[in-house]
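Source: prediction; values computed, not measured.
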Amino acid sequence: MSSSAAGNSSKPRAASSQPSETSSKRKRGVFQKELQHMMYGFGDDPNPLPESVTLMEDIVVEYVTELVHKAQDIGSQRGKLSVEDFLYLIRKDLPKLNRCTELLSMNEELKQARKVFESDEEKLRKVFEVDEPVEG
């Protein structure tokens with residue numbers, strides 16, 4: 001990450017030796033394995049330094065926390081939080097927006113496929129229940 005990208009935050013960051021307010025309240029290491037795999041997928045060592053993974057976790061959790069708080073602020077105007085609040089917040093980051101909409105549509109397709117599968121399964125179960133003789 002370039003130094004100019006790191007300096008764009010509107011919020012002053014605490015020194016790295018001081019844990020942030022959110023990091024002291026949460027359970028650490030929850031996303032360690034997933035982040036290790038993601039870091040490897042983006043070109044890091046298969047077993048990155050624990051300090052690197054912890055730093056990445058802090059960055060990700062801080063980003064997600066800030067995003068959720070902003071979405072809550074937007075959603076509170078309508079009285080509820082929705083997916084559209086998050087899409088609105090990332091609307092200017094086209095790769096992120098496109099990936100989110102792709103994942104949302106795939107999720108919808110999976111829901112529909114599960115519904116079809118479950119209804120087909122129910123139909124088959126009813127057919128087999130009718131065909132089986134009742135022993136008594």
*Nearest 0.5 Å please: distance from the CD1 atom of Ile90 over to the NZ atom of Lys92.*
13.0 Å

Show every donor-acceptor pair shorter than 3.5 Å between a side-chain atom in residues 104-122 and any protein atom, with sequence neighbours excluded, or say none if there are none.
{"from": "Ser105", "atom 1": "OG", "to": "Thr101", "atom 2": "O", "distance (Å)": "3.4"}
{"from": "Ser105", "atom 1": "OG", "to": "Glu102", "atom 2": "O", "distance (Å)": "2.9"}
{"from": "Ser119", "atom 1": "OG", "to": "Lys115", "atom 2": "O", "distance (Å)": "3.4"}
{"from": "Ser119", "atom 1": "OG", "to": "Val116", "atom 2": "O", "distance (Å)": "2.9"}
{"from": "Glu122", "atom 1": "OE2", "to": "Arg125", "atom 2": "NH1", "distance (Å)": "2.5"}

_ILVMFWY cluster, Phe42 and Tyr63 together (side-chain gap under 4.5 Å)_ = no

*Is there a path of hydrophobic side-chain contacts, each under 4.5 Å between heavy atoms of I, L, V, M, F, W or Y residues, that connects Leu94 with Leu87?*
yes

*Any side-chain heavy atom of Asp58 sitting closer than 4.5 Å to one from Arg28?*
yes

*Spatial distance of atom CZ (Phe86) from atom CG (Leu81) [nearest 0.5 Å]*: 4.5 Å

*Could you state the interatomic distance from CD (Gln36) to CG (Asp45), rounded to the nearest 0.5 Å?*
10.0 Å

_If hydrophobic clusters are built from ILVMFWY residues whose side chains come within less than 4.5 Å, do Met56 and Tyr40 share one?_
no

*From Leu35 CG over to Lys33 NZ, what is the distance, rounded to the nearest 0.5 angstrom?*
11.5 Å

*Asp85/Lys80 ion pair, N-O < 4.0 Å*: no

*Would a 4.5 Å heavy-atom cut-off, applied to side chains only, mark Met38 and Asp44 as touching?*
no

*How many angstroms lie between atom CG of Leu67 and atom CD of Gln72, to the nearest 0.5 angstrom?*
10.5 Å

*Heavy-atom side-chain contact between Phe31 and Val53 under 4.5 Å*: no

*Residue pair Pro48 / Met39: nearest heavy atoms and the distance that separates them*: CB-CE, 3.9 Å

*Between OG of Ser52 and CG of Asn47, what distance do you get to the nearest 0.5 Å?*
12.0 Å

*Check Arg91 against Leu97 and note the closest heavy-atom contact, atom names and distance.*
O-CD2, 3.8 Å

